[in-house]
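Excluded from the calculations below are hydrogen atoms, water molecules and symmetry mates; all remaining heavy atoms, backbone and side chain alike, are included.
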Amino acid sequence: MPSHTWCGRAFSLRSTVVAVFPEFRPRRLRGTAAMRRLVSETTLRPRQLILPMFVAEGAAQPRPISSMPGVVQHTRESLRKAAVDAVRAGVGGLMIFGVPQTRDATGSGATDEHGILNVALRDLRAELGDDTVLMADTCLDEFTDHGHCGVLDADGRVDNDATLRVYAEMGVAQAEAGAHMLGPSGMMDGQVGAIREALDDAGHQDTAILAYSAKYASAFYGPFREAVDSQLKGDRKTYQQDPGNAREALREIELDVAEGADAVMIKPALAYLDILRAAAEVSPVPVAAYNISGEYAMVEAAAANGWLDRERTILEVLTSIRRAGADMILTYWAAEAAAWLD
């Protein structure tokens, strides 16, 4: 490696051995809290955090989710209150998931204007207006009696193109209910294009799409399945990505952007920070990462056992996701972390 000079001192850009110790002292920039704050390379602000929230049809009171301490299935009323509190704390957006009382093979509750998710979206839009970015999960898994993210064909396989038609209808229903941004998470081929066309045809040109471009078939989704009372048997490996694949994620991002995605998502976050970094380097649109239920549950369990300092660990996790390249982070800690950051 060639050496360079600066003010007469020789140094190498890659060498870990400096020839002129002790003139070079990186610790000078770590000596006080003010100095560390001044030179910090990565910022974490409340506006960069998005709070996922669950609302359960027919719930008389919030229902705790045992595998996600501190997270609940909300009633419509408790959802409104928690959403207002989160927005006041400064979070940048809310992602809403519906938990219906009844399900069927086609997930019809997802497109029903009286379905729990669409009703909740109307509640929140009326309450909050444009004070936040109201997002909707545009997927069928919560609404189907088989738990898959799409409708099934005669052989029990997820029918990609039939599912697109339902997603298109679902997306329009959510836009009409007040969502500012839709989150198609089913990993169907062509889903962004189908939803974008349907939105535009229905006069919702201003409704944005956050594409779950790289959603991996992960073991970390376990607690989420409890949160939405998933009916899934088996797995989703025929449509979610193989955890070993990286180039495929970049191809998915390219396709989603070409179809009209306004932002793209990597999910999960912590086990896929390399994918997140690669996405941030090539994406022409904002990049989100979902700090998912299993990642949340691991930290909460360790903190409850006294093995980790909870607040420091949470902020370190979120900072790592930002450092890897996320412009925004979906996290169940959003409202709490926002209060710490301010």
* **D200/R196 salt bridge by N-O under 4.0 Å criterion** => yes
* Inter-residue atom distance L270.CG - F220.CZ, 0.5 Å rounding -> 7.5 Å
* side chain to side chain contact (heavy atoms under 4.5 Å, CB included) partner of T106, chosen from L152, V151, T111 -> V151
* **Full working for side-chain contact (heavy atoms from CB on, under 4.5 Å) between N118 and D112** => CA-CA 7 Å; N118 293 325; D112 183 354; 5.5 Å; no
* Asked: Sequence neighbours excluded, which residues qualify as side chain to side chain contact (heavy atoms under 4.5 Å, CB included) partners of D145?
  -> R103, A105
* Asked: Is a side-chain donor or acceptor of D141 paired with a backbone partner of G147 at a separation under 3.5 angstrom?
  -> no
* Structure fact -> Rounded to the nearest 0.5 angstrom, the CD-CZ distance for Q73 and F54 is 8.0 Å
* Could you pull out the closest heavy-atom pair between A335 and A89, with the gap in Å? => O-CB, 4.1 Å
* Asked: Who are the side-chain hydrogen bond (donor to acceptor under 3.5 Å, both in side chains) partners of T144, not counting sequence neighbours?
  -> none
* R28 atom CZ, over 12 foreign heavy atoms within 6.0 Å -> yes
* Consider only side-chain N and O atoms of E295 and N291, and report whether a donor and an acceptor are under 3.5 Å apart. => yes
* Got a sec: does the CZ of R251 have more than 12 other heavy atoms crowding it under 6.0 Å? -> no
* Asked: Taking atom OH of Y221 and atom NZ of K215, what is their separation to the nearest 0.5 Å?
  -> 5.5 Å
* To do: In plain terms, say whether E41 and R322 are close enough for a salt bridge, that is, a side-chain N and a carboxylate O under 4.0 Å apart.
  => no
* OG on S293 to CD on E300, rounded to 0.5 Å -> 12.0 Å
* After noting the C-alpha distance and the side-chain angles of M181 and I209, does the key distance pass the side-chain contact (heavy atoms from CB on, under 4.5 Å) rule? -> CA-CA 5 Å; M181 179 175 272; I209 297 176; over 6 Å; no
* Counterpart residues, side-chain hydrogen bond (donor to acceptor under 3.5 Å, both in side chains), relative to T207 (two or more places apart) -> none
* CD/E316: more than 12 non-hydrogen atoms of other groups inside 6.0 Å -> no
* Classify the side-chain pair S108/D104 by whether it contains a donor and acceptor separated by less than 3.5 Å. => yes
* Asked: Do Q205 and L199 come within less than 4.5 Å of each other through their side chains, counting heavy atoms only?
  -> no
* Q61, CD: over 12 other non-hydrogen atoms inside 6.0 angstrom -> no
* **Common cluster, I253/M187, ILVMFWY with side-chain heavy-atom separation under 4.5 Å** => no
* Tell me yes or no: between the side chains of H180 and D206, is some donor less than 3.5 Å from an acceptor? => no
* To do: Scan side-chain atoms only and decide if W333 and E311 contain a donor-acceptor pair under the 3.5 Å cut-off.
  => no
* Asked: When rounded to the nearest 0.5 angstrom, what distance separates CZ in R37 from OG1 in T43?
  -> 14.0 Å
* Where do E57 and V119 land on the side-chain contact (heavy atoms from CB on, under 4.5 Å) test, with the steps shown first? -> CA-CA 10 Å; E57 186 176 23; V119 168; over 6 Å; no
* To do: Enter the distance from L210:CG to D262:CG here, rounded to the nearest 0.5 Å.
  => 9.0 Å
